[in-house]
Amino acid sequence: MTVLDRRSNRLGVWGWLGGGRWGMERYAYILHRITGLAILLYLLLHIVVTSFRVEGIYLWTGNGFLHSPVFEMGEYLVFAAFAYHACNGLRLVLVELGVAVGKPTEPVFPYKTSLNVQRPLLIGMMFLALILVAMGAYAELIG
Amino acid sequence: MQRTDESMRTVTFHVSRYQPEGKRGAYVEAYDVPVHEGMTVLEGLHYIKDNLDSTLVWRYSCRMGVCGSCGMLVNGRPRLACTTQILHVAGGHLAVGPLPNFEIIRDLVPDLTSMFEKHVSIQPHILRKNEEEVNSTEGEFYQSPEQLEQYLQFAYCIKCGCCMAACPTMATDARYLGPMPLTAAQRYNADTRDDGRQERNLQTGSPAGVFRCHYGGECSRVCPKGVDPAKALQLLKRRLVLDALHLFRKKEPCRKLEGSGSGEVLPNIAAAPAHTVQCSGQS
Ligand code: HEM
Ligand code: SF4
Ligand code: SF4
Ligand code: FES
């Protein structure tokens with residue numbers, strides 16, 4: 001018997017993003033991953049920069065690069081990423097512990113799913129993240 | 001079933017093709033299909049095969065959303081071809097492709113073997129310590145409507161693979177068990193007759209198991225039967241966490257009631273008909 005070649009149809013990393021016709025939770029998922037990796041990168045940089053202190057180099061004093069507007073903007077983005085990641089992370093903790101997804105029910109068309117059950121939590125958390133980001137911007141501007 | 005009334009519209013089907021014996025790889029072929037209201041994507045494919053191109057291949061059986069054979073990517077979303085009306089999802093154009101995250105055998109036919117192997121691996125059947133009790137035809141297991149409700153939704157799954165095709169984790173991780181098999185695991189774990197959760201935990205809590213799910217929710221969004229796999233998976237995670245912390249109070253699986261029970265038959269209920277099949281142990 002000849003075995004014919006199969007064609008792999010696995011989407012790869014593009015599959016994380018979806019085709020642009022996906023729901024809110026999919027975008028929350030991909031943003032959570034990006035912000036998680038971004039603050040991880042920041043943490044590593046932070047360790048490198050502060051470790052120079054051992055050599056007696058204090059990069060954050062004076063008027064060096066760390067106080068340039070570009071870097072301050074970068075710091076603000078890290079804060080915004082953290083605000084989003086933390087708020088969405090709290091929602092995920094609740095959802096993934098099965099607290100905010102509702103009970104199993106008989107499916108009746110048009111189907112309502114756990115996505116509908118946890119949606120108010122998602123919206124509330126995004127609202128909270130927005131407030132934190134706005135407060136950060138205010139502090140940055142007057143500070 | 002050809003009609004020529006005014007409501008007919010032409011929709012161009014852009015169908016993904018693949019022939020393993022050819023050297024071309026995957027390519028897209030366009031077909032103009034006259035469409036009437038209520039016509040399904042499956043009927044559109046039949047029109048193409050009957051009138052335009054007899055070499056087009058896809059898989060289907062029940063043509064009414066029951067068998068789970070006809071899952072495919074319709075305008076970028078995994079759907080059943082037989083329960084999707086063309087005019088509900090398309091203007092002048094409709095893209096039809098095979099389900100992502102599977103190997104493609106030909107044209108629109110995915111090889112679902114990988115999914116079924118994972119399904120078998122979570123032991124999708126009632127597990128009890130006492131084999132004899134399960135295999136004997138005598139007596140019955142008692143289950144209340146409330147207990148039935150704990151798993152009934154997850155039992156509606158038709159194994160179409162749409163959720164597996166939509167899942168972002170499946171897109172990069174071939175080992176991930178995936179929403180369909182894990183939903184089946186929760187379906188049996190939540191069944192009061194079952195005593196196999198600890199055994200399944202080894203599979204569902206493994207590195208290829210349910211903690212690979214990040215609640216993107218796509219599986220629940222595309223499921224054609226309202227099974228809500230994302231819900232099943234989060235409930236599964238909950239039990240795994242509680243089991244790991246030894247926080248769940250121990251529950252025995254429901255007992256088997258021997259004989260015909262002690263309930264009284266209400267006066268207005270007719271007597272049961274005589275047995276048509278002789279069970280072993282019955283005279
Ligand atoms: C209040 C603070 C935080 C909360 C509540 C939180 C919550 C979470 C949760 C629940 C997940 C798993 C999400 C999922 O299942 O997909 C996660 C993933 C992740 N977090 Fe955090 N996190 C916090 C802070 C941080 C920090 C400070 C970093 C970086 C140093 C970080 C980096 C990451 C990364 C890289 C991932 C993996 C993302 C992925 O796989 O998509 N998180 N976080
Ligand atoms: S859970 Fe839904 S989408 Fe997934 S295989 Fe079952 S019926 Fe299909
Ligand atoms: S909720 Fe989990 S299983 Fe469902 S599509 Fe998202 S990652 Fe996959
Ligand atoms: S043909 Fe059976 S589900 Fe579509």
Side-chain angles (χ1 to χ4, degrees), chain A residues 2-34 36 85 88-119 121-122 125, chain B residues 16 18-21 25-26 73 75-77 97-106 110-111 149-154 156 165-174 186 190 211 213-218 220-221 223-239 241-242:
Chain A
T2 35
V3 177
L4 294 168
D5 286 342
R6 271 120 210 252
R7 164 170 91 81
S8 170
N9 202 23
R10 199 169 291 286
L11 292 176
V13 176
W14 282 114
W16 294 356
L17 298 173
R21 48 180 66 247
W22 309 98
M24 253 189 243
E25 289 73 20
R26 179 68 162 261
Y27 294 110
Y29 149 83
I30 194 68
L31 200 56
H32 195 84
R33 181 157 289 184
I34 292 169
H85 189 93
N88 192 51
L90 290 177
R91 170 187 70 102
L92 286 173
V93 167
L94 290 178
V95 164
E96 295 188 25
L97 286 178
V99 178
V101 289
K103 289 192 177 72
T105 46
E106 182 98 7
V108 179
F109 194 83
Y111 305 126
K112 288 255 183 289
T113 66
S114 58
L115 297 170
N116 303 85
V117 177
Q118 58 81 55
R119 182 88 27 89
L121 183 62
L122 173 65
M125 282 304 179
Chain B
S16 167
Y18 168 71
Q19 286 91 29
E21 66 278 9
L73 200 65
N75 270 1
R77 213 180 145 134
L99 287 181
N101 305 337
F102 289 103
E103 305 232 288
I104 306 309
I105 298 171
R106 180 183 291 271
D111 185 351
E149 187 125 297
Q150 294 306 307
Y151 69 84
L152 184 61
Q153 177 172 29
F154 310 136
Y156 281 115
C167 175
T169 301
M170 292 298 319
T172 45
D173 189 351
Q186 174 63 15
F211 290 103
C213 162
H214 301 280
Y215 201 74
E218 279 327 325
S220 293
R221 204 168 282 115
C223 176
K225 303 303 282 184
V227 170
D228 202 350
K231 185 199 285 168
L233 268 59
Q234 310 324 308
L235 296 176
L236 188 59
K237 284 179 192 171
R238 177 204 185 94
R239 279 308 282 274
V241 170
L242 292 176

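Chain identifiers are assigned alphabetically (A, B, ...) following the order of the sequence lines, protein sequences preceding nucleic acid strands; residue numbering begins at 1 within each chain. As the structure is a computational prediction, the values presented were derived from the model and not from experiment.
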Report task. Measure distances from A:L97 to the heavy atoms of chain B and classify the residue's part below 4.5 Å as side chain, backbone, both or neither. Result -> both

Query raised in the report: In Å, rounded to the nearest 0.5 Å, how long is the span from CG of A:D5 to CZ of B:R106?
Result: 11.5 Å

N/O donor to acceptor pairs below 3.5 angstrom from side-chain atoms of residues 165-173 of chain B, sequence neighbours left out:
| unit_1 | atom_1 | unit_2 | atom_2 | d |
| --- | --- | --- | --- | --- |
| B:T169 | OG1 | B:R212 | O | 3.0 |
| B:T172 | OG1 | A:W16 | NE1 | 2.9 |
| B:D173 | OD1 | B:R175 | N | 3.0 |
| B:D173 | OD1 | B:Y176 | N | 3.4 |
| B:D173 | OD2 | B:R212 | NH1 | 3.2 |

Query - Side chain / backbone / both / neither for A:V99 at chain B, heavy atoms under 4.5 Å - result: both

Query raised in the report: Any idea which of A:A100, A:G15, A:G12 has the most non-hydrogen atom pairs under 4.5 angstrom with chain B?
Result: A:G12

Requested in this report: With a 4.5 Å cut-off on heavy-atom pairs, point out which of B:C223, B:P110, B:S220, B:A230 contacts chain A the most.
Outcome: B:S220

Query raised in the report: Which bit of B:L233 is near chain A, if near means a heavy-atom gap under 4.5 Å: side chain, backbone, both or neither?
Result: neither

Query raised in the report: Tell me, which pairs form a side chain to side chain donor-acceptor pair (under 3.5 Å) where one or both residues lie in residues 99-109 of chain A, sequence neighbours left out?
Result: A:E106-B:Y156

Report task. Return the option, out of A:M24, A:Q118, A:K112, with the maximum number of heavy-atom pairs under 4.5 Å with chain B. Result -> A:Q118

**Report entry** Evaluation steps, side chain to side chain contact (heavy atoms under 4.5 Å, CB included), between B:Y18 and A:N9
**Finding:** CA-CA 11 Å; B:Y18 168 71; A:N9 202 23; over 6 Å; no

**Report entry** Separation of A:I30 CD1 from A:L17 CG (nearest 0.5 Å)
**Finding:** 4.5 Å

**Report entry** Rounded distance [0.5 Å steps], CG in B:L99 versus CD1 in B:I104
**Finding:** 7.0 Å

Report summary line: Heaviest contributor of heavy-atom pairs below 4.5 Å to chain B, chosen from A:G98, A:S114, A:S8, A:A28, is A:S114

Report summary line: Under 4.5 Å to a heavy atom of chain A? For B:A174 that would be both

Report task. On the 0 to 90° scale, with breaks at 30° and 60°, tag the A:H85-A:H32 ring pair as parallel, tilted or perpendicular. Result -> parallel

Requested in this report: Answer with side chain, backbone, both or neither: which region of B:F154 has an atom nearer than 4.5 Å to a non-hydrogen atom of chain A?
Outcome: side chain

Query raised in the report: Roughly how far apart are A:M125 CE and A:R91 CZ, rounded to 0.5 Å?
Result: 9.5 Å

Query - Segment of B:P224 engaging chain A (4.5 angstrom heavy-atom cut-off) - result: backbone

Query raised in the report: Who wins among A:R7, A:E25, A:R6 for the most heavy-atom pairs under 4.5 Å with chain B?
Result: A:R7

